Amino acid sequence: MTEKKEETSEKRSLNFVEAIVEEDLRSGRDQGKVHTRFPPEPNGYLHIGHAKAICLDFGIAEQHGGKCNLRFDDTNPVKEDVEYVDSIKEDIKWLGFDWEEREYYTSDYFGKLYDFAVELIKKGLAYVDDQSSEEMASQKGTPTEPGSHSPFRERSAEENLDLFQRMNTGEFPEGSRVLRAKIDMASSNMHMRDPVIYRIIFHPHHRTGDRWKVYPMYDFAHGQSDFFEGITHSLCTLEFEVHRPLYDWLVEHLKADDYRPRQTEFNRLNLSYTVLSKRVLLNLVKEGHVNGWDDPRMPTISGLRRRGYTPESIRNFNDSIGYTKVMATNDVGLLEFAIREELNKRAPRVMGVLDPLKLIITNYPEGKTEEMETINNPEDESMGSRTIPFSREVYIERGDFMEDPPRKFFRLGPGREVRLKSAYIIKCEDYKKDEQGNITEVYCTYDEATRSGGPEAGRKVKGTLHWVSAKDAIEAEVRLYDRLFNDPDPAGHKDKNPADFLNPDSLRVITGYVEPSLKEAKPLDHFQFQRLGYFNVDPDTTPGKLVFNRTVTLRDNWAKRG
RNA sequence: UGACCCGUGGUGUAAUUGGCAACACGUCUGAUUUUGGUUCAGAAGAGUCCAGGUUCGAGCCCUGGCGGGUCAACCA
């Protein structure tokens, strides 16, 4: 009975890509094989949008006993660099995916691709065009009007062959000639109007150096590379939909058996208050709006990692948003939910005070220190407990005391009682202000019987405060992040630079006091500073200097009820 | 005024071969809590872009509209 219930509850609906793959499996397509690939161009760092593609490409293969290749789509030497190759590999591994030994480069296929181009020329399906890009553009027509033929369209195969070979020896300057596929200048699909498939570039390639002077275009290289690798399902984003006829046309002319890779498009990730464009992200880095690709405010994988996001949370986020063909914008709150959900389970609770106010317990003996036991994580008993020092003078959060508290304020105020977490119930007897009227010190008395675990520990008070012992606390640099942009769609404004919408308060650096146990914290360890949010230790941390990043705040109903 | 793709609560996704629209986030109640967190209980919120048609029955099929996206780089 219960078994049946579990079965049905575990049954989750397939996204449309999974449905296609499973249908292919049922129908025996590709001998029951599933082989995908993740094909980044090494021209920038991976971001959360790439993570969505990675989860699909590798995930689909994993689910169906297939494989997923990593392929660097390096057909444009001008924009690419090994720096990016390394970071991409690191990020994919960190996300928890493994391409095993299948690390490929489109540049590995330059020879085969060249041979295929020659074959097309021989078949009369490609020709060398001597016109400028402007001239070719003017002949291209518009989406509603057909284009016209290039004067070079009917060159003989021999002449084309000769010219193409000489293009690759460096005999002709960049931009002087291209190789085009001869398809249909009147096609309603602009991509079929004799697309350029090879161009001359002298810039050395990061892997092949100056061996080639002629480089294939994306459209020419991609489907063929899929074909060479035996890819069954070539998954890409929606904007490539109109490229598919060209993809199919080229693959068709490679003809081998009845095997054809098939391109399927899914929706790219859009996130509110976030920009996911390598070009814009590169500008943010170059113009110094952020401190590099791994700045914790960046939506890059490396930025999210440094911010305290975990691979698990990113994968869960991807599962929750799904894959469709709908142009969608996901609420960035969903990503925040994913990390809160995970860190709630895993992050130890520790005490920290970011905006300290000194609280003196007047009836507590001077010079005395007690070790108070406190549980590391109420969500997980197995994480055990630790002790934290308590003494006469502690710091509390400045916001936890109000001289004239409103009705629903549960924390400290004149004459009020409140519990110091894991310690005693205290009562506010007095407080001191400076000339400007700022509270400088709060004086309380404590009730020894209310010690945590003590005889009157069960007494109810309105609120619980977090604290650190003033003489024992250690200082830490704390970096508080807010959204980088203050517009829900920073890239969606015509004629405006996304940088115009930068949030000036996206980073606030303060010095806080944290409990002494944190001296042992290691980079990327995460903690919940109770009531202040989830934090992780930044790699900038060195033996003498503790640095925390706030990954995300806690859900805060108090602020909303205000 | 072309081709292709898309149109389900505020947001993102579901809905076996057509069978009285489900889930998550968010929002709002209430309970518990030595975190205003967590957890638990509950509520509101769409009748599926519009109009026809087929059918006993349409979010799913057909026709026609409307709306949005992509495409005219020697970028990917």
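Lettering of chains follows the sequences in order, A, B, ..., and the numbering in each one begins at 1. Given the structure is predicted, the values throughout are model-derived calculations rather than measurements.
The OH-P distance, from A:Y273 to B:G26, rounds to 16 Å in whole Å. Atom NE2 of A:H205 and atom P of B:C75 are 14 Å apart (whole Å). Following rounding to the nearest Å, A:E397 (CD) and B:G36 (P) show an atom-to-atom distance of 13 Å. The nearest whole Å value for the distance from the CG atom in A:L343 to the C1' atom in B:U38 is 13 Å. Counting to the nearest Å, the C1' atom of B:U33 and the CZ atom of A:R349 are 13 Å from each other. Atom P of nucleotide B:U13 and atom CG of A:L269 are separated by 10 Å, given to the nearest angstrom. Look at CE on A:M351: it is 9 Å from C1' on B:U34, rounded to the nearest Å. Computed from coordinates, the A:N318 CG to B:U13 P distance equals 12 Å when rounded to whole Å.
Side chain A:R419 to base B:U34: a donor-acceptor pair is found below 3.5 Å. With hydrogens and angles left out, the side chain of A:E336 and the base of B:G26 share no donor-acceptor pair within 3.5 Å. With hydrogens and angles left out, the side chain of A:H243 and the base of B:A76 share a donor-acceptor pair within 3.5 Å. At a cut-off of 3.5 angstrom, counting only N and O atoms as typed in the model, there is a donor on one side and an acceptor on the other between the side-chain of A:Q528 and the base of B:U35. Between the side chain of A:S452 and the base of B:U34, a donor-acceptor pair under 3.5 Å is found.
When the side-chain nitrogen and oxygen atoms of A:R555 are compared with OP1 and OP2 of B:U38, one or more of them lie within a distance under 4.0 Å. For the pair A:K460 and B:U34, the criterion of a side-chain N or O lying under 4.0 Å from OP1 or OP2 is met.
Distance from the side chain of A:N330 is smallest for B:G12 among the nucleotides B:G36, B:G12, B:C74. Across B:C5, B:U13, B:A73, the shortest atom-to-atom separation from the side chain of A:T324 is found for B:U13. Comparing atom distances between the A:N15 side chain and each of B:C75, B:U38, B:A14 picks out B:A14 as nearest. Among B:A14, B:A76, B:U35, the nucleotide with an atom closest to any side-chain atom of A:F240 is B:A76. Among the nucleotides B:U35, B:G36, B:C5, the one closest to the side chain of A:Q530 is B:U35. Closest to the side chain of A:S13, out of B:U38, B:A14, B:A76, is B:A14. Nearest to the side-chain atoms of A:P378 among the listed nucleotides B:U35, B:A3, B:U13 stands B:U35. In this structure, of B:C5, B:C75, B:U35, it is B:U35 that holds the atom nearest to the side chain of A:R531. Taking only side-chain atoms of A:M217, from C-beta outward, the nucleotide of B:C71, B:C75, B:G2 with the closest atom is B:C75. With distances taken from any side-chain atom of A:D331 to the nucleotides B:C6, B:U35, B:U11, the minimum falls on B:U11.
Heavy atoms of A:R193 sit nowhere under 4.0 angstrom from any nucleic acid atom. Across all strands shown, A:N267 has heavy atoms under 4.0 Å from sugar-phosphate atoms exclusively, and none from any base. Residue contacts for A:H466: at a heavy-atom cut-off of 4.0 Å it reaches the sugar-phosphate backbone alone, with no base atom in range. Using a 4.0 Å heavy-atom cutoff across all strands shown, A:E341 reaches no nucleic acid atom at all. Across all strands shown, A:I321 has heavy atoms under 4.0 Å from sugar-phosphate atoms exclusively, and none from any base. Residue A:T329 is classed as a sugar-phosphate contact, given heavy-atom separations below 4.0 Å to backbone atoms only. Within the nucleic acid shown, A:E379 comes within 4.0 Å of at least one base atom, counting heavy atoms only. Nucleic acid contact for A:V196: sugar-phosphate only, since backbone atoms but no base atoms lie under 4.0 Å from a heavy atom of the residue. Residue contacts shown for A:G175 include a base, since a base heavy atom lies under 4.0 Å away. No contact: A:G533 has no heavy atom under 4.0 Å from any strand. The residue A:S133 sits close to a base: some heavy atom pair falls under 4.0 Å.
A salt bridge is absent between A:R346 and A:E379; no separation between the charged side-chain nitrogens and carboxylate oxygens falls under 4.0 Å.
Ring to ring, A:F337 and A:F317 are not that close: their centroids are 6.0 angstrom or more apart. In summary, the aromatic rings of A:F240 and A:Y218 are positioned with their centroids under 6.0 Å apart.
B:G59 is unpaired under the criterion used here, namely a Watson-Crick or G-U wobble arrangement in which both key atom distances are under 3.5 Å. Searching all strands for a Watson-Crick or G-U wobble partner of B:C40 with both distances below 3.5 Å returns B:G30.
Geometrically, A:R71 does not engage A:Y105 in a cation-pi contact, judged by NZ or CZ lying under 6.0 Å from the ring centre and within 45° of the ring axis. Figure legend: cation-pi geometry between A:R155 and A:Y127 absent, as NZ or CZ is not positioned both under 6.0 Å from the six-membered ring centre and within 45° of its axis. With A:Y323 as the aromatic partner, A:K52 meets the cation-pi criteria of under 6.0 angstrom to the ring centre and within 45 degrees of the ring axis.
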Before you tell me yes or no, could you show the steps for A:V350 and A:Q528 under side chain to side chain contact (heavy atoms under 4.5 Å, CB included), namely the whole-Å CA-CA distance, both residues' side-chain angles and the distance that decides it to 0.1 Å?
CA-CA 6 Å; A:V350 297; A:Q528 187 193 101; over 6 Å; no

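Nearest-nucleotide mapping onto RNA chain B: of A:K325 and A:K421, the residue sitting toward the 5' end is A:K325. RNA chain B is contacted by both A:R244 and A:G454; A:R244 maps to the nucleotide lying nearer its 5′ end (nearest heavy atom per residue).
B:G9: glycosidic angle beyond 90° from 0, hence anti.
A:W212 and A:F110 have perpendicular rings, their planes meeting at more than 60° on a 0 to 90° scale where under 30° would count as parallel. Relative ring orientation between A:F390 and A:Y364 is described as perpendicular, the plane-to-plane angle rising above 60° on a 0-90° scale split at 30° and 60°.
Nucleotides B:U63 and B:G69 have their P atoms positioned 25 Å apart, rounded to a whole Å.
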